[in-house]
Amino acid sequence: MEIKEYLLMPEETEQAILWQEQHAQKVIHENHAQNPRLVAGADVSYGKHGEKAFSSVVVVDISSGEVVEKATWVGKPPHNYKPGFFALREVPCLLKTFEKLQTTPDVVLIDGNGLIHKRRFGLACHMGLCLDIPTIGCAKSLLVGNHKPLSKKAPIAPVSHMGDEIGIAMRKNREVTYVSVGHKVDLEFAKNFVFDLPVPTAIDHAHNSCSELFKKDQQLQENEKDKNKVQIIATAKDLKSQGLSYADVAKELNNYKDLRAMYGKKFTPRKIRNWLEQK
DNA sequence: GCGACAG
DNA sequence: ATCTTGTCGC
Ligand SMILES: [Mg+2]
């Protein structure tokens, strides 16, 4: 789909604060969603050592519950996570993913807050401005604000912060979701829409898709590592057959920087002996 | 200075 | 977000 505005905020904190305050004024708090049918859920997960980002957007037709389309993107995380500036980390990934989407959804659900934000400009607001589509923030925990305890009788409670009603806390079964306006929806619509969503939601699908990408990548890396190990063992075996001691074989292998890099750490005579005696 | 802090 | 196994409960 078409990205209306490719909005990236400055990395420097002081400028980012001003930028958020300025763009918060552009957020539309009135409802523009009518009879939504195509709902997009978006999420990002990260590699074990934070070197890779796995981003997914899944579109669900809520009239049937069927998945209509899925788009994914894998790349380097643009920024570390910083509370209040989550968009630095996820907006670039999500925009790359929405770009690939053929479908134009009626409503977008973002895994993060909208108006529930110190400057009323959480990730969902940011993405809403970029996409110019009705957008709702759905977070799993609270960034700012307070609310009365949820109970069976009152599974929904308003979230307030500095005198503003900026969202609602909602419990469906076991899980609590914090719902807030992202863009072009009002809180009343967002509340009812999310409350009535059948599970698995588009966000659930997106989250699962990210986990699959993560697992797939992890599996590939394991295979690569195994292939490398086979190569290393073959080399070690060759050296040993030339009459070198295990200590000398280890010393020799350590001279090859590429071999050491693919193994990850230094070779020890003990390790070499274990490998060769196993095979 | 301390604690809180979406993912 | 990731690191992680079994275990308690319906
Ligand atoms: Mg997420």
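Because only heavy atoms are used, hydrogens play no part in the values below, and waters and symmetry mates are left out as well, while side chains stay in. Chain identifiers are assigned alphabetically (A, B, ...) following the order of the sequence lines, protein sequences preceding nucleic acid strands; residue numbering begins at 1 within each chain.
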Asks: Counting neighbours of CG on A/Asn173 that are heavy atoms of other residues, nucleotides or ligands and sit closer than 6.0 Å, is the number greater than 12?
Replies: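 Atom CG in A/Asn173 is not crowded, with 12 or fewer foreign heavy atoms closer than 6.0 Å.
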Asks: Flag yes if more than 12 heavy atoms outside A/Gln34 fall under 6.0 Å of its CD atom; otherwise flag no.
Replies: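 No, because the 6.0 Å sphere around CD of A/Gln34 holds 12 heavy atoms or fewer from other groups.
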Asks: Determine, using ring centers only, whether A/Tyr178 and A/His147 are less than 6.0 Å apart.
Replies: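 Ring centres of A/Tyr178 and A/His147 closer than 6.0 Å.
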Asks: What is the nucleic acid contact for A/His117, judged by heavy atoms within less than 4.0 Å: base, sugar-phosphate only, or nothing?
Replies: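 Answer is base: heavy atoms of A/His117 come under 4.0 Å of a base.
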Asks: Given atom CG of A/Asn80 and atom C1' of C/dT2, what is their separation to the nearest angstrom?
Replies: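 From A/Asn80 CG to C/dT2 C1': 14 Å.
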Asks: I'd like to know if the side chain of A/Ser160 pairs up with that of A/Glu165 as donor and acceptor (distance under 3.5 Å, no hydrogens or angles considered).
Replies: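 Per modelled atom types, A/Ser160 and A/Glu165 side chains form no pair under 3.5 Å.
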Asks: Can you check the A/Lys215 NZ to C/dT2 C1' distance for me, whole Å?
Replies: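 Checked: the NZ to C1' distance equals 14 Å.
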Asks: When all nucleic acid strands are considered with a 4.0 Å heavy-atom cut-off, which category describes A/Ile116: base, sugar-phosphate, or nothing?
Replies: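 Nothing, no heavy atom under 4.0 Å.
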Asks: Rounded to the Å, how far apart are A/Arg174 CZ and C/dC8 C1'?
Replies: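 One finds 11 Å between C1' of C/dC8 and CZ of A/Arg174, rounded.
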Asks: Please classify the nucleic acid contact of A/Phe54 as base, sugar-phosphate, or nothing, using heavy-atom distances under 4.0 Å.
Replies: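 Since no nucleic acid heavy atom lies under 4.0 Å of A/Phe54, the category is nothing.
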Asks: Would a line drawn from the ring center of A/Phe54 to the ring center of A/Tyr46 be shorter than 6.0 Å?
Replies: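 Ring-ring flag for A/Phe54/A/Tyr46: false, centres at least 6.0 Å apart.
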Asks: Could you go step by step and tell me if A/Thr97 and A/Ser55 meet the side-chain hydrogen bond (donor to acceptor under 3.5 Å, both in side chains) rule?
Replies: CA-CA 7 Å; A/Thr97 318; A/Ser55 175; 2.7 Å; yes
Asks: Pick base, sugar-phosphate or nothing for A/Tyr81, based on heavy-atom distances below 4.0 Å to the nucleic acid.
Replies: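 If one applies the 4.0 Å heavy-atom cut-off, A/Tyr81 turns out to touch a base.
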Asks: Grab the CZ-P distance between A/Phe86 and C/dA1 for me, whole Å please.
Replies: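 Between P of C/dA1 and CZ of A/Phe86: 8 Å.
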Asks: I need the CD-C1' distance between A/Gln218 and C/dC3, as an integer number of Å.
Replies: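 That distance rounds to 11 Å.
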Asks: Over 60° means perpendicular and under 30° means parallel, so classify the ring planes of A/Trp19 and A/Phe121, tilted if in between.
Replies: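 Ring orientation, 0 to 90° scale: perpendicular.
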Asks: Provide, to the nearest angstrom, the distance between the CG atom belonging to A/Leu143 and the P atom belonging to C/dA1.
Replies: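 Taking atom P of C/dA1 as the reference, CG of A/Leu143 is at 15 Å.
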Asks: Using a 4.0 Å cut-off to any heavy atom of chain A, which nucleotides of DNA chain B are the first and last in contact, reading 5' to 3'?
Replies: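 The contact span of chain A on DNA chain B goes from B/dC5 to B/dG7.
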Asks: Indicate, with a heavy-atom threshold strictly under 4.0 Å, whether A/Gly50 touches base, sugar-phosphate, or nothing.
Replies: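 Since no nucleic acid heavy atom lies under 4.0 Å of A/Gly50, the category is nothing.
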